[in-house]
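Below, chains carry the letters A, B, ... as their sequence lines are ordered, and counting in each starts from 1. In this text the structure is predicted, and so the values were computed from the model without any measurement.
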Protein chains: 2
Amino acid sequence: MRVSRDVMAKRHDQILSQTSKMLRRRGILGTNLADLMSAAGLTHGGFYKHFDSKDVLVAEATARIFDEINQRFEARIEADGVESALRAYVTDYLSTAHIENPELGCPLSSFGPDVSRVEGPVRSVFTDGISRTLDLVMLGFSGPPALRRERAIDLLSALVGAVSMARAVQDEAIHNDILDTARRRANRTIEDAAIDAANVASNHHMHIG
Amino acid sequence: MRVSRDVMAKRHDQILSQTSKMLRRRGILGTNLADLMSAAGLTHGGFYKHFDSKDVLVAEATARIFDEINQRFEARIEADGVESALRAYVTDYLSTAHIENPELGCPLSSFGPDVSRVEGPVRSVFTDGISRTLDLVMLGFSGPPALRRERAIDLLSALVGAVSMARAVQDEAIHNDILDTARRRANRTIEDAAIDAANVASNHHMHIG
DNA sequence: ATTATCTATAGATCTATAGATAATGC
DNA sequence: ATTATCTATAGATCTATAGATAATGC
């Protein structure tokens with residue numbers, strides 16, 4: 001029942017893809033190899049020809065999650081510019097679709113606490129992913145790097161916290177309250193930063209002129 | 001080997017206490033009955049004389065966690081007033097002690113995502129706990145209720161997100177960057193709200209006088 | 001007589017491995 | 001000849017239960 005290298009590569013990819021979804025839907029401990037291989041259309045016995053252990057799989061899948069999210073961000077920057085990309089990132093982050101489909105969303109709000117309980121490759125891959133996401137969010141702001149970084153951390157913290165809370169609460173009124181408030185806050189943060197940038201530019205122009 | 005009702009009540013309490021810590025340290029799936037009963041100084045066989053199931057235990061322990069946190073907040077309000085209590089809450093939340101000892105801290109940042117994956121009593125108890133925490137944080141702000149609620153949600157989201165991220169990252173520089181930024185932001189939020197309140201009070205006074 | 005705890009274990013589930021099978025790739 | 005997958009299973013672990021034991025409480 002051996003398959004060609006091509007088919008095997010596709011299956012390897014499929015296992016990683018299913019893992020990247022299951023991790024965000026069920027968490028690290030809730031992700032089990034039997035369900036995973038079944039979702040990939042295989043039996044669990046074949047797993048170890050693809051990965052050395054569950055831990056290695058989780059680390060690789062986590063790297064893929066951050067790669068995909070960051071690449072999506074970069075593509076939007078290319079297409080519409082940094083400000084527009086940041087707005088789209090925030091709108092998507094606080095959307096109902098993101099709340100209801102964690103398997104396609106940000107790993108910070110879906111299994112960040114799981115990662116804080118492990119050591120090794122998973123943890124360092126996650127650290128690197130957060131670092132690169134912060135670098136991208138920074139690009140959406142203008143001004144000196146320290147200020148841009150501060151704004152990026154504040155914005156991302158607010159997004160992660162709001163989605164974590166909104167997903168945990170059952171009460172629809174509180175749920176909507178959290179998301180609506182987070183949307184207003186995020187928009188205000190972005191608008192204020194844009195106004196600051198415009199004022200700095202205009203003052204700078206006066207000094208020159 | 002039967003024990004007195006008094007001793008049994010103390011052991012029941014001890015099981016709940018250990019669970020409240022283990023939930024925050026290891027998450028729901030990471031909390032197992034054998035380790036739990038062992039931590040409570042008992043063998044695992046006796047568990048079901050105390051609780052009907054793991055699920056019931058988790059729900060009761062979660063209720064206890066929120067009760068303790070909210071009672072601590074209320075006690076500080078009694079002792080030092082609402083503004084001071086809110087400042088202390090924020091300082092504690094973003095402290096190194098809280099980052100390193102999740103088992104004594106806020107359940108939102110330690111196992112909020114775990115809760116979003118379950119239904120039933122655990123979820124509703126968690127929802128109620130968040131609701132009551134928001135009510136307490138609101139007290140720390142002045143102004144119309146809608147504004148106070150908005151500020152409470154914004155502040156709590158920022159705290160939850162910052163601690164989730166800080167715990168997940170391994171890199172010390174990023175870790176400190178996140179916490180320092182969150183501390184500045186939280187203090188600014190509280191200061192700005194206080195200034196707003198003072199201005200409103202002073203304007204109000206002028207109109208009267 | 002009742003019952004809280006203990007030891008032991010059932011039954012399910014999880015990661016990982018062993019051996020057979022059949023297709024690939026040299 | 002090599003090897004990716006399959007079936008089967010080892011060994012560990014988890015929730016939950018059964019039966020024995022000994023102390024409580026009526």
Side-chain angles (χ1 to χ4, degrees), chain A residues 1-23 25-62 111 114-115 117-122, chain B residues 1-23 25-62 111 114-115 117-122:
Chain A
M1 302 163 168
R2 184 183 179 185
V3 296
S4 71
R5 281 190 285 240
D6 233 41
V7 170
M8 196 194 179
K10 280 198 182 67
R11 290 180 175 182
H12 187 90
D13 194 76
Q14 178 65 8
I15 296 170
L16 273 176
S17 170
Q18 291 298 333
T19 309
S20 88
K21 286 192 235 169
M22 203 175 281
L23 280 175
R25 171 60 74 173
R26 303 194 194 174
I28 295 179
L29 291 179
T31 295
N32 64 317
L33 302 185
D35 286 359
L36 207 47
M37 292 299 278
S38 172
L42 300 165
T43 56
H44 60 281
F47 175 79
Y48 294 90
K49 288 281 171 177
H50 288 279
F51 301 93
D52 284 342
S53 66
K54 180 184 172 181
D55 203 57
V56 168
L57 170 71
V58 171
E60 286 191 33
T62 300
F111 68 101
D114 293 39
V115 171
R117 293 181 195 115
V118 301
E119 294 299 332
V122 175
Chain B
M1 301 158 170
R2 185 181 177 186
V3 296
S4 71
R5 281 191 286 240
D6 231 42
V7 169
M8 196 196 179
K10 279 199 182 65
R11 289 179 175 183
H12 188 90
D13 194 76
Q14 178 65 8
I15 296 169
L16 273 175
S17 170
Q18 291 298 333
T19 308
S20 89
K21 286 192 234 168
M22 203 177 281
L23 280 175
R25 171 61 72 175
R26 303 193 193 174
I28 296 178
L29 291 178
T31 295
N32 64 320
L33 301 185
D35 286 2
L36 207 46
M37 292 298 280
S38 171
L42 299 165
T43 57
H44 61 284
F47 175 79
Y48 293 90
K49 288 282 173 178
H50 287 280
F51 301 95
D52 283 343
S53 67
K54 179 185 173 183
D55 204 56
V56 167
L57 170 73
V58 172
E60 287 191 33
T62 301
F111 69 102
D114 293 38
V115 171
R117 293 180 195 115
V118 300
E119 295 297 334
V122 176

Verdict with supporting geometry, L33(B) and L57(B), side chain to side chain contact (heavy atoms under 4.5 Å, CB included): CA-CA 10 Å; L33(B) 301 185; L57(B) 170 73; 4.2 Å; yes
Chi angles and distances behind the side chain to side chain contact (heavy atoms under 4.5 Å, CB included) call for R26(A), D35(A): CA-CA 11 Å; R26(A) 303 194 194 174; D35(A) 286 359; 2.8 Å; yes
Side chain to side chain contact (heavy atoms under 4.5 Å, CB included) evaluation trace for I28(B) with R117(B): CA-CA 10 Å; I28(B) 296 178; R117(B) 293 180 195 115; over 6 Å; no
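Looking at D114(A), its side chain never comes within 3.5 Å of a backbone N or O of G27(A) through a donor-acceptor pair. A distance-only check finds a donor-acceptor pair linking the side chain of T19(B) to the backbone of I15(B) [under 3.5 Å].
The stretch residues 47-58 of chain B touches DNA chain C through K49(B), H50(B), each having a heavy atom within less than 4.0 Å of the strand.
Where DNA chain C meets chain B (any atom under 4.0 Å from a heavy atom), the bounding nucleotides read 5' to 3' are dT2(C) to dT9(C).
Counting heavy atoms from C-beta outward, V118(B) and V58(B) have side chains that stay 4.5 Å or more apart. Between R5(A) and M8(A), the closest side-chain pair of non-hydrogen atoms is not below 4.5 Å.
Among the heavy atoms of the strands lying under 4.0 Å from S4(B) are primed sugar atoms or P, OP1, OP2 only; no base atom is included.
The nucleotide dT24(D) finds its pairing partner in dA1(C), both defining distances of the Watson-Crick or G-U wobble pair being shorter than 3.5 Å. Pairing partner, dG19(D): dC6(C), with both Watson-Crick or wobble hydrogen-bond distances short of 3.5 Å.
Where I28(B) and R2(B) meet DNA chain D, the nucleotide closest to each residue was compared, and I28(B) sits on the side nearer the 5' end.
The aromatic rings of H50(B) and H12(B) are tilted relative to each other, their planes meeting at an angle between 30° and 60°.
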